[in-house]
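Step one of this worksheet: look at the structure below.
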Amino acid sequence: MKKNTEIQAVYVHIPFCVQKCSYCDFASSACHDIQVMERYTAALCREIAAGGAVHLPVAEQATIYFGGGTPSTLPTECIAKIVAALKQYGYWQKSAEATIEVNPGTADLTKLQTLWELGFDRISFGIQSLNNEELRTIGRIHSAEEALEALTLAKQAGFNRISGDLIYALPGQTPASLRKTLTGLTATGIEHISVYGLILEEGTPLYQLVEQGRLSLPDEDVAADMYELVQSYLKEQGYQRYEISNYAKAGQYSRHNMVYWRYQPYAAFGAAACGFDGQSRYIAPSRVEAYTEQSPKLQYEQERLTHAELLGEFMFMGLRKTEGVSLTEVRERFQVDVLTRFAEDLQPFFQRQLLIYDAAGDNLRLSEAGMELGNLVFEIFVTV
């Protein structure tokens with residue numbers, strides 16, 4: 001299958017932020033030193049020129065995604081150099097989609113117009129909430145008003161495909177305040193929304209504050225109510241849920257993320273960036289200094305996956321999608337009949353109607369109720 005022997009997506013990691021959020025454990029850090037950013041940009045361009053770790057042909061319409069961190073903290077001149085390198089070395093051809101993540105607090109019309117002119121046709125804003133107290137609690141640098149203004153500016157700059165991230169079960173959040181955020185965001189006509197339940201990561205400032213009793217999170221019942229609110233409200237507003245945490249209008253799904261969920265090869269550039277060639281994962285040095293000094297002769301950490309691991313990851317990534325997994329494709333890629341191999345483990349989930357098998361399409365998917373308990377199903381495959 002051609003899609004599994006070519007790079008279908010290209011990820012570029014920008015590890016810089018204006019300020020690191022209290023809940024974040026991503027490979028990122030606050031940086032205001034332009035020289036550090038320029039050295040990092042030069043190192044990125046060297047890695048791109050050297051071909052990175054995934055040595056496969058690049059599909060002509062491979063998607064592009066600049067993530068972080070906050071890519072919009074990088075000077076636009078640096079972003080332009082990275083874009084030029086991707087185009088020069090064949091990674092950015094006739095991209096099916098080119099996305100860049102932007103913090104609303106770093107957005108202005110000039111910057112957004114420049115990003116559009118460089119070739120980005122989709123923008124993803126880390127909004128998280130439209131309640132200013134909730135935003136301050138988690139260390140966001142923008143206000144609700146700035147978030148809404150950024151959406152307006154993006155449209156003025158030419159962007160027709162705009163996404164916004166939200167988080168629920170935040171400290172001090174209530175179902176009422178979450179509903180107000182959902183109402184305010186959907187009223188803008190935004191095409192795509194990603195909604196994640198807060199995960200309290202050990203070692204983050206937010207984790208420490210909760211452990212010390214200085215902040216409290218909504219209890220499990222309230223968090224469950226918030227989850228149900230997200231599902232019902234977005235459905236009422238015409239958003240189709242196409243993945244556990246993602247909702248889109250009129251097919252405006254993230255084509256880039258679909259590459260991950262379909263378990264297809266992707267290239268990745270930058271510190272801590274992870275690429276996948278269909279058999280192994282390759283991870284670049286995570287420290288910016290080490291990455292900058294080593295590039296382009298980077299020592300990638302390689303994780304060679306076993307057949308069982310590949311099958312397991314294909315299954316749980318695919319089951320995240322509401323369309324589910326083609327068991328015909330599983331047999332073609334892994335020579336495994338899932339319904340036979342895992343019959344005993346799957347049966348309880350069929351009985352509880354958390355899993356649905358469509359015989360006509362030879363397709364396995366989570367039911368709407370199963371989406372909430374997806375991790376229980378995923379464990380079947382990650383423990384093989």
Side-chain angles (χ1 to χ4, degrees), residues 1-16 26-29 36-71 74 78-101 118-120 254-305 309-310 313 317:
M1 300 173 72
K2 193 174 182 181
K3 285 185 176 292
N4 299 320
T5 57
E6 291 182 333
I7 291 169
Q8 299 296 326
V10 178
Y11 175 76
V12 177
H13 189 65
I14 309 299
F16 306 121
F26 291 166
S28 61
S29 60
V36 171
M37 294 183 183
E38 289 175 342
R39 287 196 296 271
Y40 183 78
T41 297
L44 250 176
C45 292
R46 291 196 299 270
E47 186 190 10
I48 292 167
V54 178
H55 301 297
L56 291 175
V58 182
E60 187 178 52
Q61 290 197 305
T63 60
I64 306 293
Y65 196 102
F66 279 45
T70 307
L74 208 60
C78 292
I79 296 173
K81 289 178 181 177
I82 299 166
V83 169
L86 290 170
K87 292 179 176 179
Q88 179 181 352
Y89 295 101
Y91 290 97
W92 189 327
Q93 300 176 55
K94 297 179 180 179
S95 173
E97 174 185 275
T99 304
I100 186 165
E101 292 180 349
L118 286 173
F120 293 98
S254 169
R255 296 168 190 164
H256 180 86
N257 286 341
M258 288 296 281
V259 171
Y260 300 146
W261 298 322
R262 288 172 176 159
Y263 211 50
Q264 295 166 342
Y266 51 89
F269 299 103
C274 176
F276 176 63
D277 65 5
Q279 300 295 324
S280 297
R281 274 192 288 269
Y282 300 86
I283 306 172
S286 59
R287 291 179 58 250
V288 169
E289 297 81 0
Y291 173 84
T292 303
E293 291 170 3
Q294 290 181 24
S295 182
K297 296 181 179 179
L298 295 169
Q299 298 297 312
Y300 297 98
E301 177 186 337
Q302 181 180 3
E303 182 184 3
R304 181 79 178 181
L305 300 170
E309 288 170 334
L310 290 166
E313 292 188 1
M317 292 296 284

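In terms of modelled atom types and a separation under 3.5 Å, the side chain of Arg39 and the main chain of Thr292 share no donor-acceptor contact. Distance alone, capped at 3.5 Å, places no donor-acceptor pair between the Gln302 side chain and the Ser280 backbone. No donor-acceptor pair under 3.5 Å is formed between the side chain of Glu47 and the backbone N or O of Leu44.
With sequence neighbours left out, the ring-ring contact (aromatic ring centres under 6.0 Å, His included) criterion links Phe120 to Phe66, Trp92. The ring-ring contact (aromatic ring centres under 6.0 Å, His included) search around Tyr40 returns Phe16, Tyr291, not counting sequence neighbours. Residues passing the side chain to side chain contact (heavy atoms under 4.5 Å, CB included) test with Arg46 are Ala42, Ala43, Ser295, Pro296, sequence neighbours excluded. Scanning for ring-ring contact (aromatic ring centres under 6.0 Å, His included) contacts around Tyr91 gives Phe269, with sequence neighbours left out. Scored by the side chain to side chain donor-acceptor pair (under 3.5 Å) test, Gln264 finds no partners at all (sequence neighbours excluded). Contacts of Tyr65 classified as side chain to side chain donor-acceptor pair (under 3.5 Å), with partners at least two apart in sequence or in another chain: Glu101. With sequence neighbours excluded, no residue forms a salt bridge (Lys or Arg N to Asp or Glu O under 4.0 Å) with Glu293.
Crowding of Glu289 atom CD: a count of heavy atoms from other residues, nucleotides or ligands under 6.0 Å exceeding 12. Counted within 6.0 Å of NZ on Lys87, heavy atoms from surrounding residues, nucleotides or ligands total more than 12; the atom is thus considered enclosed.
Looking at Glu6 and Pro265, their side chains never come closer than 4.5 Å, going by heavy atoms from C-beta outward. Counting only heavy atoms from C-beta outward, the side chains of Ser254 and Glu97 approach each other to under 4.5 Å. Side-chain atoms of Ile100 and Leu118, non-hydrogen and from C-beta on, never get closer than 4.5 Å to each other.
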Please output the side-chain donor-acceptor pairs of residues 54-63 that fall under 3.5 Å, not counting sequence neighbours, one pair per line with the distance.
from: His55; atom 1: NE2; to: Gly52; atom 2: O; distance (Å): 3.4
from: Thr63; atom 1: OG1; to: His256; atom 2: ND1; distance (Å): 2.9

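Rounded to the nearest 0.5 Å, atoms OH (Tyr282) and CZ (Arg304) are 7.0 Å apart. Distance check, rounded to the nearest 0.5 Å: CG of Leu305 to CZ of Phe276 gives 6.0 Å. For the atom pair Tyr11 OH and Thr99 OG1, the distance stands at 11.5 Å (nearest 0.5 Å). To the nearest 0.5 Å, atoms CD1 (Ile79) and CG (Leu74) are separated by 5.0 Å. Summarising the geometry, atom OG1 belonging to Thr41 is positioned 6.5 Å from atom CD1 belonging to Ile14; distances are rounded to the nearest 0.5 Å. Here CE of Met317 is found 11.0 Å from CE of Met258. Values are rounded to the nearest 0.5 Å.
Between Ala268 and Gly275, the shortest heavy-atom distance links the atoms CB-N, 3.7 Å. Minimum interatomic distance between Ala273 and His13 (heavy atoms only, all atoms of both residues): CB-CB, 4.2 Å.
The distance between the ring centers of Tyr266 and Tyr260 falls below 6.0 angstrom.
Pairs engaging residues 268-286 under the salt bridge (charged side-chain N to carboxylate O under 4.0 Å, His left out) rule: Arg281-Glu303, Arg281-Glu313 [sequence neighbours left out].
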